[in-house]
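Shown next, in structure tokens, is the structure this report addresses.
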Amino acid sequence: MCSSDLVLFSVTSAAIPFSLYFAGLHYLDATRVIVTAALEPVFSVLIAALFLSESITAIQMFGMAIVLSATVLVQRPEPGAEAIPVEPIE
């Protein structure tokens with residue numbers, strides 16, 4: 001593996017996700033951001049399947065469906081609760 005591959009790997013696996021995480025903190029509260037970060041393994045499997053021709057098993061699909069469903073359920077507002085605006089960080 002050459003050094004350019006390592007640089008590409010470090011940027012795509014660390015710099016971009018952390019940048020998006022901190023950008024999300026500008027618009028959402030920390031609890032919602034960390035729950036959304038649980039989607040990282042789901043997208044890792046999907047990207048590996050698309051770009052590296054990895055196969056996805058039925059149990060993996062089931063697990064991804066559970067993670068996606070749980071993320072949607074947690075992100076939904078509570079019934080009757082008022083939305084609390086989050087001020088962007090300047």
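By convention here, the first residue in the shown sequence is residue 1. Quick caveat, the model's predicted, so the values are computed rather than measured.
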Residues, nucleotides or ligands: over 12 heavy atoms within 6.0 Å of Leu52 CG: yes
Identify all side-chain donor-acceptor contacts of residues 61-72 below 3.5 Å with residues at least two apart in sequence or on another chain.
from, atom 1, to, atom 2, distance (Å)
Ser69, OG, Ala65, O, 2.8
Thr71, OG1, Val67, O, 2.8

Qualifying side chain to side chain donor-acceptor pair (under 3.5 Å) pairs with a residue from residues 41-59, counting only residues at least two apart or across chains: Thr57-Gln60
Fellow cluster residues of Phe51, listed by chain then number, with links counted only when side-chain atoms sit under 4.5 Å apart: Ile47, Leu50
Same cluster (ILVMFWY, side-chain, under 4.5 Å), Phe18 and Phe43: no
